[in-house]
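In what follows, every chain begins at residue 1, and chains take the letters A, B, ... in the order their sequences are listed. Everything numeric in this text was worked out from a predicted model, so none of it was measured.
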Protein chains: 2
Amino acid sequence: MLSSEQDKRHRMAPPPKPQTMKERILETADKLFYLKGIRAIGVDTIAAEIGISKRTLYNHFPSKDALIAAYLERRFVSARPSDKPPAEQILATFDSLERRFAAKDFRGCPFVNAVAELGPADRAVKKIAIAFKESRRLWFRERLTELGVRDAEALATQLVLLVDGSIAQDLVRDDPAMARAAKEAAKVLLRNAGVDVGGDAVKQVKGRKRAPQ
Amino acid sequence: MLSSEQDKRHRMAPPPKPQTMKERILETADKLFYLKGIRAIGVDTIAAEIGISKRTLYNHFPSKDALIAAYLERRFVSARPSDKPPAEQILATFDSLERRFAAKDFRGCPFVNAVAELGPADRAVKKIAIAFKESRRLWFRERLTELGVRDAEALATQLVLLVDGSIAQDLVRDDPAMARAAKEAAKVLLRNAGVDVGGDAVKQVKGRKRAPQ
DNA sequence: GCCTAAGTAAACAGGTCTGTGTAACCAAAA
DNA sequence: TTTTGGTTACACAGACCTGTTTACTTAGGC
């Protein structure tokens with residue numbers, strides 16, 4: 001007989017369930033952990049927020065620790081490649097920071113927060129936090145090397161200090177201007193290293209010259 | 001144990017007591033809150049560490065929240081006056097940071113940690129954290145003004161970013177070199193503002209010149 | 001000697017947390 | 001049909017938390 005009901009395989013539109021249960025749990029855990037704090041949120045709260053039973057949550061993650069680890073790993077997204085010139089990419093980092101600060105759901109660096117909350121004894125958390133910080137430092141270093149900066153290693157570290165400093169300051173002060181201050185400081189440091197960041201004369205540049213933009 | 005003398009100091013209190021019970025509670029709370037985290041330490045643990053009953057603790061502090069507030073206020077020590085030239089004072093800040101990073105009991109900024117742990121909803125904690133950050137910024141600004149720096153306001157903010165950035169980085173990486181990196185960045189920023197920090201030519205200085213100690 | 005203040009010990013109330021156990025349910029697959 | 005697997009609802013264990021209560025002890029000051 002011809003089926004009066006629709007083909008079961010393509011029956012419903014994705015809107016209600018576009019993602020798997022595991023993803024839904026992770027997404028909700030991310031939101032709550034980040035916004036309210038890892039220790040402040042219990043697994044009950046997460047399950048209730050999604051509307052599932054706690055048992056289901058534990059069917060997907062063996063423990064809260066595993067959920068925390070998955071949360072941090074999910075936050076560890078690598079930067080997308082960009083075709084903009086390296087100096088612009090570096091400075092754009094701070095613009096992006098400023099935008100994030102302005103959002104009302106910004107609550108500092110999830111990795112720093114996790115280490116602060118869970119303490120240094122939690123090796124798993126610390127390990128991924130270190131990996132994240134190092135990856136960002138390497139990202140800066142790569143761009144600086146591209147720019148021909150002599151001591152890219154040291155300058156990358158200094159830029160990272162500005163990033164984390166502005167994040168910490170914004171966390172307590174809620175002042176997106178911290179990102180702009182960091183950007184200005186970064187410009188000075190870059191200029192001092194011979195990078196052309198526009199707006200001012202440069203002491204001396206390594207032989208290679210870059211076309212503006 | 002090594003604490004036979006220390007024990008005496010606590011036990012056999014000479015007429016002018018070396019410290020009152022309230023101070024002992026605060027000192028212990030400070031150590032544990034800072035090292036292990038505020039949420040990780042219960043009042044029982046603090047009382048047990050001192051060897052007093054929980055009731056005694058509650059006789060001195062009406063609630064754990066009050067103890068937390070007292071802990072943070074105790075951490076809020078203002079800098080001692082110094083007769084060294086301002087530029088040296090500023091740079092010495094980073095040397096002091098490096099020394100603190102090297103100590104094994106360093107665990108980041110207690111105010112940032114408290115905000116990260118307790119969340120933005122805890123207004124009392126956030127308030128004192130903001131006050132502390134602002135006081136440090138003003139300390140920098142004062143010295144910069146003394147040095148005749150034009151935009152002391154902006155530069156003070158940038159120096160604060162370096163301080164907090166190195167603290168955050170050291171918290172996750174345990175790398176005291178972060179303080180040195182911050183110091184080098186600070187030197188560049190100061191030099192750029194016309195301050196003589198030694199070791200390099202200065203673009204242009206405001207009329208006032210300081211004797212190099 | 002007596003009184004007061006402070007501390008001790010231990011239980012307790014009422015709450016939260018993580019994680020498990022159990023029985024029922026429901027839909028799709030075999 | 002029966003089976004299977006994911007889910008729900010709910011109770012529960014065991015631990016820990018803040019804060020209180022009760023009853024007892026101790027040390028000085030009068």
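Residues satisfying the salt bridge (charged side-chain N to carboxylate O under 4.0 Å, His left out) criterion with B:D65, sequence neighbours excluded, are absent altogether. With sequence neighbours left out, the salt bridge (charged side-chain N to carboxylate O under 4.0 Å, His left out) criterion links A:K84 to no other residue. The ring-ring contact (aromatic ring centres under 6.0 Å, His included) test applied to A:Y34 returns no partner, not counting sequence neighbours. By the ring-ring contact (aromatic ring centres under 6.0 Å, His included) test, B:F106 is found to be paired with B:F101, residues two or more places apart in sequence or in another chain being considered. Considering only residues two or more places apart in sequence or on other chains, A:R137 meets the side-chain hydrogen bond (donor to acceptor under 3.5 Å, both in side chains) condition with A:E134, A:E153, A:T157. For B:F140, the ring-ring contact (aromatic ring centres under 6.0 Å, His included) test picks out no residue, with sequence neighbours left out. Residues meeting the ring-ring contact (aromatic ring centres under 6.0 Å, His included) test with A:F94, sequence neighbours left out: none.
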Side-chain donor-acceptor pairs of residues 118-127 of chain B under 3.5 Å, sequence neighbours excluded:
from, atom 1, to, atom 2, distance (Å)
B:D122, OD1, B:A124, N, 3.4
B:D122, OD1, B:V125, N, 3.3
B:K126, NZ, A:D174, OD2, 2.7

May I have the list of side-chain donor-acceptor pairs in residues 161-170 of chain A shorter than 3.5 Å, sequence neighbours left out?
from, atom 1, to, atom 2, distance (Å)
A:D164, OD1, A:K133, NZ, 3.0
A:D164, OD1, A:R136, NH2, 2.8
A:D164, OD2, A:K133, NZ, 3.4
A:D164, OD2, B:Q169, NE2, 2.5
A:S166, OG, A:L162, O, 3.2
A:S166, OG, A:V163, O, 2.8
A:Q169, NE2, B:D164, OD2, 2.5
A:D170, OD1, A:D175, N, 3.0

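DNA chain C lies under 4.0 Å from no heavy atom of any residue of residues 66-75 of chain B. Looking at residues 46-53 of chain A, you'll see A:G51, A:I52, A:S53 sit with a heavy atom under 4.0 Å from some atom of DNA chain D.
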Point to revise | Per-nucleotide protein contact string for nucleotides 17-24 of chain C, where B marks a base within reach and S marks sugar-phosphate only (heavy atoms under 4.0 Å, - for neither) | key: -BBBBB--

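If you take NZ of A:K36 and P of C:dT16, they are 16 Å apart, rounded to a whole angstrom. Atom pair B:F61:CZ and C:dG7:P shows a separation of 12 Å (rounding to whole Å applied). B:L57 has its CG atom 11 Å from the P atom of C:dT8, to the nearest Å. Taking atom CG of B:N59 as the reference point, atom P of D:dT20 lies 10 Å away to the nearest angstrom. Rounded to an integer number of Å, the gap from A:M21 CE to D:dT8 C1' is 10 Å.
Put simply, A:H60 has a side-chain N or O that comes within less than 4.0 Å of OP1 or OP2 on D:dT7.
B:L159 contributes atom CG, which lies 12.5 Å from atom CZ of B:R143 (distance to the nearest 0.5 angstrom).
Classification of A:K183 and A:E98 as a salt-bridged pair fails, no side-chain N sitting under 4.0 Å from a carboxylate O.
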